[in-house]
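Here is the structure we will look at.
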Amino acid sequence: MFRAFTAFGRPAYADTPPPRRQFLPREFLQALLMGAAERLPLLPAPDLPWALAERVHDPAYLDRWRRGEVTREEERALGFAWNPAVVARGLGSCGATLSATWDALSTGLGLNLGGGTHHAYADRAEGFSFLNDVAIAARHVLDAGLVSRVLVLDLDVHQGNGTASIFRQEGRVFTLSLHAARNYPFLKEQSDLDIELPDAAGDAEYLDALERALVAAAQFAPQLVFYLAGADVLSGDQLGRLAVSLDGLRARDERVYGWAAHTSTPLVSVMAGGYHRDPAQLVRARLQTLDAALGAFAPAPGTVY
Ligand SMILES: [Zn+2]
């Protein structure tokens, strides 16, 4: 019944050297794709049409990035040098999130095996993020009149600064970010709710903060949730500062998916960050997240459609 979209199979991934630091070496990416394909159908994502990106991002900014007319400073802020694959991957990843959004609205659960580039602002790239996939998909369904209250539940260890900035004046979107206080971005934006965690926060502290987040989320009564299921909260992540265990991560995911499933709130799940020192652990975490999603949304035996 459910399926996942991915931009990982795109030619840009296969034919060009990765533009970013190799956080997930090729053999581990293969293991992730194979593990996912054992669980559910894996579909290649169509490209996002540029016109939809323009509803969130400044057209002049998009035009410059499309043509590669970016400065060194902009590449430094992004975290890697521009090449055509940066644009191709960005469009593919946004297309996967948008496709997952249609799935969520029709089946309850939509999945993108990547996505969650939440540091992209309307007019500037930052932190591995050139296009803000969740903002683009959220804006599209709002513009289309399909929903009128969207929750962005950002549990990546880094604050969703680009998303917070893009939706600062948008009352129909509730931005909620649960993140490490002393981590990037060091100049934070104001989300509708920010919950900050101290360095080395473990499972108990993390899950307690999640409960507070879900109380606020429930009060907003969203009609659609975008869940950024960042694995960079894990102990051993190179870019996180928290100490959540794999079991803690499982508990987090089960709580979030279970909440959405039990309240019949459609949910779009994107993977967001994950930079574990041990890539095998990251693959395990990602597959565990998929299992939590499928477990929560699987219809109870005997359900008739
Ligand atoms: Zn992150």
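Atoms within a ligand are numbered from 1 in the order they appear, just like the ligands themselves.
Each of Val141, Leu146, Thr101, Leu224 was checked for a side-chain contact (heavy atoms from CB on, under 4.5 Å) with Pro266, and the lone residue meeting it is Leu224.
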side-chain contact (heavy atoms from CB on, under 4.5 Å) between Glu126 and Tyr121, intermediate numbers included
CA-CA 8 Å; Glu126 252 194 56; Tyr121 282 72; 3.5 Å; yes
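Without hydrogens or angle criteria, Arg252 side chain to Leu155 main chain gives a donor-acceptor distance under 3.5 Å.
Listed by chain and number, the residues in a side-chain contact (heavy atoms from CB on, under 4.5 Å) with Asp208 are Arg212 (sequence neighbours excluded).
Legend: protein N/O/S atoms lying under 2.8 Å from the Zn ion (ligand 1), waters omitted, number 4.
Between Glu196 and Arg182 no salt bridge is recorded (no basic side-chain N to carboxylate O distance below 4.0 Å). Of the charged side-chain nitrogens involved, none lies within less than 4.0 Å of a carboxylate oxygen, so that Asp194 and Lys188 do not count as a salt-bridged pair.
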